[in-house]
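Predicted model, so just to flag it, every value in this text is computed and none were measured. Worth knowing before you read on, the calculation uses all heavy atoms, side chains too, and leaves out hydrogens, waters and symmetry mates. Residue numbers start from 1 in every chain, and the chains themselves are labelled A, B, ... in the order their sequence lines are given, proteins ahead of strands.
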Number of protein chains: 2
Amino acid sequence: MEKQTVTIYDVAREAAVSMATVSRVVNGNPNVKPATRKKVLEVIDRLDYRPNAVARGLASKKTTTVGVIIPDVTNAYFSSLARGIDDIAMMYKYNIILTNSDENGGKEVQVLNTLMAKQVDGIIFMGNQVTDELREEFKRSKAPVVLAGSVDAEKAQPSVNIDYVAAVAEAVKNLIDHGNQKIAFVSGSMDQAINHDYRLKGYKKALKDAGISYDDKLVFETDYTYKAGQSLEPALTAAGATAAFVGDDELAAGVMNGLTDAGVDVPGEFEVITSNDTKLTELVRPKMSSITQPLYDIGAVAMRLLTKLMNNETVDENTVILPYGLMKRSSTK
Amino acid sequence: MEKQTVTIYDVAREAAVSMATVSRVVNGNPNVKPATRKKVLEVIDRLDYRPNAVARGLASKKTTTVGVIIPDVTNAYFSSLARGIDDIAMMYKYNIILTNSDENGGKEVQVLNTLMAKQVDGIIFMGNQVTDELREEFKRSKAPVVLAGSVDAEKAQPSVNIDYVAAVAEAVKNLIDHGNQKIAFVSGSMDQAINHDYRLKGYKKALKDAGISYDDKLVFETDYTYKAGQSLEPALTAAGATAAFVGDDELAAGVMNGLTDAGVDVPGEFEVITSNDTKLTELVRPKMSSITQPLYDIGAVAMRLLTKLMNNETVDENTVILPYGLMKRSSTK
DNA sequence: CGCAACATTGAAAACGCTTTCAAGTCAAAG
DNA sequence: CTTTGACTTGAAAGCGTTTTCAATGTTGCG
């Protein structure tokens with residue numbers, strides 16, 4: 001009943017050569033006489049032999065698979081990165097083990113361990129709360145780890161990002177230039193480095209440059225969900241804000257729709273600018289102005305960087321910063 | 001330089017027992033004297049031993065990883081299923097190798113082969129164009145394959161879905177009940193079984209039940225993209241349609257926004273109902289009415305079914321049909 | 001024709017774990 | 001004090017490849 005598997009040994013026997021030779025032709029090793037190669041190839045074809053990657057992995061200590069830790073595939077920002085990662089991975093013959101972490105530290109550590117147990121050749125980590133424990137695990141990992149679209153205050157790991165501070169500063173400046181004085185900063189958890197260590201810094205910088213004093217009443221820390229954004233309207237208007245910088249597109253859509261539903265005109269009475277430039281920005285009405293990021297490329301470059309690391313190639317720059325932009329759509333004046 | 005790996009042999013030596021015993025405690029085999037177990041556990045802890053899953057996989061012929069073929073992670077419909085799959089997988093200690101196929105037959109076959117080479121214990125396939133070649137590969141696979149949110153006309157594989165025919169028929173009937181006579185059917189490629197074999201059938205059924213004759217001028221075959229939907233407006237109005245059933249949410253958002261941007265009032269002058277009930281439906285304005293599907297559950301149930309199959313448990317029903325619904329929002333009257 | 005230099009090949013040892021099978025222990029039973 | 005059966009344990013054979021190293025073939029040249 002069980003389907004029979006044909007092994008390299010079977011091929012060797014049938015082709016009247018050694019396993020070593022079969023292995024060579026399978027792996028494209030040039031040190032095989034053309035006639036022999038042809039013979040082996042024929043047998044392989046006839047027997048429909050397929051190399052067992054697990055055995056290969058054990059023997060060669062390479063699995064050609066990399067682990068990818070993602071907060072949530074369902075989030076457009078991250079899934080865009082993931083797509084870039086997978087495409088480049090495939091290009092380099094790697095496969096991806098994808099696991100959702102919900103940015104839950106415990107889960108992340110656990111996942112990291114099972115990835116390492118599975119002997120992945122490398123790891124791409126997305127998530128903005130690199131705890132000490134996590135950092136320890138990264139360090140002990142013999143597989144290289146690169147962060148994609150995620151920052152670690154310690155900058156201990158190679159990573160691919162944009163310049164969040166500058167991007168947010170520019171976005172906020174834009175809002176200021178439109179005459180807004182009370183600009184809300186709405187983001188996810190302040191425990192995340194990207195929020196407290198980058199975005200907020202950019203926000204403060206823009207305010208300072210414009211001579212506006214920082215008021216933490218205008219900082220809204222919430223969940224990265226549509227609902228959370230939507231229910232922020234009362235607080236936002238109560239605080240007297242006339243504009244908002246938002247750290248996530250779905251959240252921003254919520255904020256905007258919440259405002260609109262409450263009768264607030266966007267952008268007339270309230271401007272909003274968001275951060276990730278996912279498809280969402282174009283789907284909602286008004287379309288959302290946003291910081292633009294090369295999402296796909298962040299993933300792609302991260303994976304490319306990882307291939308180099310896995311290959312022990314020397315890389316000039318461990319942390320690569322990709323360019324960002326500002327896309328004015330209709331949620332700002 | 002290379003980080004030293006500690007093997008089961010090291011543990012055995014340090015604990016003065018055999019590898020077999022170490023293996024037993026690692027795997028929770030009860031046939032170990034408590035004292036021995038304790039001793040081994042201590043050594044494992046001291047040496048920080050981590051079992052090598054690849055070696056384990058080779059020896060046991062189980063990898064505790066399943067392959068997942070997805071058209072595009074970036075698509076909200078599929079990523080929702082993927083999330084359900086991963087959660088259940090994790091619950092059962094499996095990992096997921098995720099690969100994007102773009103519903104490209106050649107790529108799918110290739111990916112399937114590398115998954116099989118990697119000895120995955122099972123496969124979840126998403127995609128609606130099961131070619132003969134693909135079907136052949138499924139058959140030859142010793143790992144069970146289940147389709148999630150995807151149909152195959154031949155019904156050769158276990159699958160979990162909703163009743164697309166009935167759902168679409170109901171959605172279209174709803175449109176008819178609102179007085180629409182010319183209802184557009186817009187979907188992705190008609191090569192996909194889900195479109196020509198299910199949705200279109202449901203569409204026709206609803207028309208027939210209402211005594212409306214079918215007109216293929218009202219069938220719009222296009223890409224599953226926002227842009228494609230958006231640019232459909234001229235054709236839609238030219239055809240005299242006053243409502244549309246759309247097979248994908250992003251596409252539907254495009255259709256709707258295209259209409260709105262052209263000055264057509266939705267739902268006043270044109271109603272649209274979509275199919276997948278992803279988050280998108282709530283983000284756009286007007287919110288889109290939709291067939292509702294338990295997206296997460298489809299993935300979750302598919303994975304659960306796969307675990308049973310991998311475990312050689314007998315399953316009563318190979319193809320499971322989950323309930324659907326109709327969610328009236330604001331894109332229909 | 002003889003020999004160096006190179007091209008091909010195969011034997012066998014890993015790789016790190018699971019699993020089978022037999023052997024050894026031990027306590028309860030006779 | 002045996003016997004018996006339930007527990008525990010270890011030896012060793014895989015699992016299917018890769019890879020090293022030595023052996024064997026070939027070819028070119030003087």
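- We find that CE of B/Met19 is positioned 8 Å from C1' of C/dT18, with the value rounded to whole Å.
- When only modelled atom types and interatomic distance are considered, A/Tyr224 and A/Asp72 share no side-chain donor-acceptor pair under 3.5 Å.
- Regarding A/Gln119, its CD atom lies at a distance of 11 Å from the C1' atom of C/dC17, rounded to whole Å.
- Contact annotation for A/Val26: no contact, since no heavy-atom pair falls under 4.0 Å across all strands.
- A sub-4.0 Å separation between OP1 or OP2 of D/dG10 and a side-chain N or O of B/Thr21 is present.
- Atom C1' of nucleotide C/dC15 and atom CD1 of A/Ile8 are separated by 15 Å, given to the nearest angstrom.
- A salt bridge links A/Lys38 and A/Glu42; the closest N-O separation between the charged side-chain nitrogens and carboxylate oxygens is under 4.0 Å.
- When the side-chain nitrogen and oxygen atoms of B/Ser23 are compared with OP1 and OP2 of C/dC17, none of them lie within a distance under 4.0 Å.
- DNA chain D forms stems at C:1-30 with D:1-30, each a run of 3 or more consecutive Watson-Crick or G-U wobble pairs whose two key distances fall under 3.5 Å.
- Under the 4.0 Å criterion applied to side-chain N and carboxylate O atoms, A/Arg50 and A/Asp48 are assigned as salt-bridge partners.
- To the nearest angstrom, P of D/dG10 lies 14 Å from CG of B/Asn31.
- Comparing A/Arg37 and B/Ala20, the nucleotide of DNA chain C nearest to each residue sits closer to the 5' end for A/Arg37.
- Using a 4.0 Å cut-off between charged side-chain N and carboxylate O, A/Glu136 and A/Arg140 make no salt bridge.
- Considering only side-chain atoms of A/Arg24, the nucleotide from D/dC21, C/dT8, D/dG10 that sits closest is D/dC21.
- A/Lys118 places its NZ atom 23 Å from the P atom of C/dC15, with the value rounded to the nearest Å.
- Across all their heavy atoms, A/Val301 and A/Leu322 have their closest contact at CG2-CD2, 4.2 Å.
- For the pair A/Lys38 NZ and C/dT8 C1', the computed distance is 18 Å after rounding to whole Å.
- Listed candidates were D/dA11, D/dT17, D/dT8. Nearest to the side chain of B/Lys33 is D/dT8.
- Residue B/Gln157 holds its CD atom at 12.0 Å from OG1 of B/Thr319, rounded to the nearest 0.5 Å.
- One atom, OH of A/Tyr9, and another, P of D/dG14, lie 12 Å apart when rounded to the nearest Å.
- Separating the CG atom in A/Asn100 from the CD1 atom in A/Ile70 is a distance of 6.5 Å, to the nearest 0.5 Å.
- Among the nucleotides D/dG10, C/dT8, C/dA11, the one closest to any side-chain atom of A/Ser18 is C/dA11.
- Between atom CD of residue B/Glu14 and atom OH of residue B/Tyr9 there is a gap of 10.5 Å, rounded to the nearest 0.5 Å.
- Within the 4.0 angstrom heavy-atom criterion, only backbone atoms of the sugar-phosphate kind lie near A/Val17; the bases stay farther away.
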- Item | Stepwise side-chain hydrogen bond (donor to acceptor under 3.5 Å, both in side chains) check, A/Arg83 with A/Ser80 | CA-CA 5 Å; A/Arg83 186 62 214 255; A/Ser80 296; over 6 Å; no

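- When all heavy atoms of A/Ser79 and A/Val73 are compared, the pair lying nearest together is CB-O, 3.2 Å.
- The shortest distance between the side-chain N/O atoms of A/Thr7 and the OP1/OP2 oxygens of D/dC15 is not below 4.0 Å.
- Listed by residue number, the members of residues 46-66 of chain A with any heavy atom below 4.0 angstrom from DNA chain C are A/Leu58, A/Ala59, A/Lys61.
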